Amino acid sequence: MYAERVLSGMRPTGRLHLGHYHGVLKNWVKLQEVHPCLFFVADWHALTTNYDTPQVIEDSVWDMVVDWLAAGVDPAQATLFIQSRVPEHAELHLLLSMMCPLGWLERVPTYKDQQEKLAGKDLSTYGFLGYPLLQSADILIYRADQVPVGEDQVPHVELTREIARRFNHLYGREPGFEDKAREAVRKLGSKRARLYAELRTRFQQEGDGEALEQAKALLEETQNLTLGDRERLYGYLEGGGKMILAEPEALLTEAPRMPGLDGQKMSKSYANTIYLREGDESVTRKIRTMQTDPARARRADPGDPEKCPVWQFHVIYSDDSTRAWVQEGCRSASIGCVECKQPVIDGVLKEQAVLRERAMPYVEDPGLVRNILADGCERARKLAQETMRDVREAMGLSYG
Ligand code: TRP
Ligand code: SF4
């Protein structure tokens with residue numbers, strides 16, 4: 001079975017916190033074991049909102065990658081790179097901008113939302129409007145199948161699908177497509193050709209998605225196909241022209257929502273974060289001063305864990321018996337909040353120690369990180385260049 005390619009990016013806009021770790025990075029670590037994964041630093045995306053403070057981006061790039069490595073992202077399994085080191089992303093973004101209707105960008109919900117949220121900043125820029133299209137280029141250039149993202153990013157993946165479809169529709173039509181596709185089917189050899197035809201019929205007549213997947217897997221396993229035939233066969237399956245760009249899927253991360261110190265979502269802008277690789281003392285102080293259920297003004301007052309952000313931390317960090325102890329002790333006032341917080345402090349510190357330990361070699365020798373990224377950029381660039389060859393050809397730009 002063909003392993004689907006996974007791609008995701010993160011903007012370098014400051015230090016990473018436990019929300020990134022539990023919400024994103026742990027998921028990347030799991031994915032890298034089963035899929036070919038590409039993870040990249042979206043520095044150009046960071047510039048769309050931080051164009052007036054580029055220093056922040058420059059300062060965050062390396063630390064962010066060290067945080068990834070600390071979290072267990074493994075450069076032997078996944079390809080790690082920096083967006084701006086693969087300039088083909090910019091070329092694809094430009095070419096897609098030729099055929100992307102303005103309305104598609106204006107109606108992406110993050111466009112207006114972010115402009116309102118970051119009202120202090122002038123975001124009526126060309127670059128910011130193009131943010132989701134640049135993201136589409138990031139995804140399409142690797143023909144990624146799965147894009148792990150948070151909920152707010154799903155519309156960007158949707159846009160990417162529409163862009164891919166529009167691109168294939170506009171540029172995937174070639175004279176005599178049907179004949180060429182049928183010829184390509186024959187080249188599969190009689191056994192595979194029969195299976196392909198049967199799966200294609202099942203998908204086109206009965207809408208059988210499983211059959212579509214099987215047919216794609218069949219093509220993926222077939223070695224001796226030219227690129228052109230491969231694209232024709234993919235396109236022919238779904239009834240369109242040549243499939244030059246592949247439609248990705250959003251992979252919604254099912255992570256426990258990491259609450260901040262105040263119970264709201266953990267986020268730099270709420271000043272309620274615990275950073276990755278933060279000092280023990282500072283972590284301890286932050287948790288000790290966390291708000292608890294206001295009903296427990298005095299030690300003897302009973303409380304309700306559901307109304308307490310500390311409980312949310314227990315959900316992530318504690319085992320069943322500790323959680324039972326909290327539930328019982330809080331409601332009966334048999335434990336105090338200081339006591340209740342201790343297992344959380346212990347849990348976070350233990351986790352931080354593991355992360356710091358993993359980060360140590362990279363902190364001591366930043367050259368290691370540079371090498372990992374140089375290596376990843378090179379691998380990513382090869383893949384990107386392959387797609388760009390097809391894109392240029394399809395758009396009539398491969399002269400000479
Ligand atoms: N926009 C994403 C975010 O803010 C970052 C990003 C840029 C991205 N390009 C991407 C994520 C491509 C997935 C795929 O989180
Ligand atoms: Fe929160 Fe624990 Fe105090 Fe209850 S005992 S209010 S759960 S800190």
Side-chain angles (χ1 to χ4, degrees), residues 5-13 16 19-20 23-25 27-28 31 37-50 64 81-84 86 89 92-93 108 110-111 113-114 128 130-142 144-157 159-160 248-253 259 261 263 287-315 318 322-345 380:
R5 186 179 286 169
V6 168
L7 168 116
S8 199
M10 202 186 276
R11 287 172 304 144
T13 52
L16 299 191
H20 296 110
V24 182
L25 294 173
N27 189 41
W28 287 10
L31 287 167
C37 287
L38 295 138
F39 300 126
F40 72 98
V41 180
D43 53 345
W44 281 335
H45 276 104
L47 270 178
T48 64
T49 52
N50 287 58
M64 186 168 88
F81 67 99
I82 300 176
Q83 184 185 37
S84 64
V86 185
H89 290 225
L92 183 57
H93 178 212
V108 171
T110 46
Y111 182 55
D113 288 356
Q114 288 293 102
F128 187 66
Y131 184 114
L133 190 63
L134 177 58
Q135 185 163 350
S136 299
D138 297 338
I139 298 169
L140 296 172
I141 208 161
Y142 299 105
D145 301 289
Q146 301 281 349
V147 184
V149 283
E151 219 162 338
D152 61 318
Q153 298 288 310
V154 171
H156 296 178
V157 180
L159 173 81
T160 306
E249 268 169 43
L251 188 63
L252 262 181
T253 315
L261 292 163
I287 299 174
R288 287 233 167 98
T289 53
M290 259 175 96
Q291 301 162 25
T292 58
D293 178 0
R296 296 212 66 186
R298 276 165 310 212
R299 169 69 175 74
D301 297 332
D304 177 359
E306 297 306 323
K307 297 187 181 134
C308 176
V310 177
W311 168 249
Q312 298 302 316
F313 274 68
H314 278 293
V315 170
S318 298
T322 308
R323 285 192 222 163
W325 170 78
V326 174
Q327 284 290 345
E328 212 284 309
C330 179
R331 291 175 200 279
S332 64
S334 66
I335 60 169
C337 293
V338 176
E339 246 177 301
C340 177
K341 286 173 173 179
Q342 195 55 47
V344 170
I345 295 175

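For ligands, and for the atoms within them, numbers begin at 1 and follow the listed sequence. A quick note: this is a predicted structure, and the numbers were derived from the prediction, not measured. For the single chain, residues carry numbers from 1 onward in sequence order.
- At a cut-off of 2.8 Å, C330 coordinates atom 4 (Fe) of ligand 2 through an N, O or S atom.
- Closest to atom 8 (S) of ligand 2, if we only count protein heavy atoms, is T292 CG2, 3.5 Å.
- Nearest protein neighbour of atom 1 (Fe) of ligand 2, counting heavy atoms only, is C308 SG, 2.3 Å.
- Close contacts between ligand 2 and D293 involve ligand atoms 6 (S) [criterion: under 4.0 Å to a heavy atom].
- No salt bridge links R296 with D293; every basic N to acidic carboxylate O contact stays at or beyond 4.0 Å.
- For E306, the CD atom sits in a packed shell: over 12 heavy atoms of surrounding residues, nucleotides or ligands are nearer than 6.0 Å.
- With 3.5 Å as the limit, one finds no donor-acceptor pair spanning the side chains of R323 and Q327.
- Looking only at protein heavy atoms, the nearest one to atom 3 (Fe) of ligand 2 is C337 SG, 2.3 Å.
- Contact atoms of ligand 1 toward H45: 7 (C), 9 (N) (distance under 4.0 Å to a heavy atom of the residue).
- When atom types are taken as modelled, the side chain of K341 and the backbone of I287 share a donor-acceptor pair closer than 3.5 angstrom.
- Of all the heavy atoms of Q83, none lies under 4.0 Å from any atom of ligand 1, so neither backbone nor side chain is involved.
- Some N or O of D138 is nearer than 3.5 Å to an N or O of ligand 1, by distance alone.
- Between H156 and ligand 1, no pair of N/O atoms sits closer than 3.5 Å.
- Protein heavy atom at the shortest distance from atom 8 (C) of ligand 1 is Q135 NE2, 3.5 Å.
- Annotation for R298: atom CZ does not count as buried by contact number, only 12 or fewer foreign heavy atoms lying within 6.0 Å.
- Residue contact check: V310 has heavy atoms under 4.0 Å from atoms 8 (S) of ligand 2.
- Taking 4.0 Å as the cut-off, K341 does not count as a neighbour of ligand 2 on heavy-atom distance.
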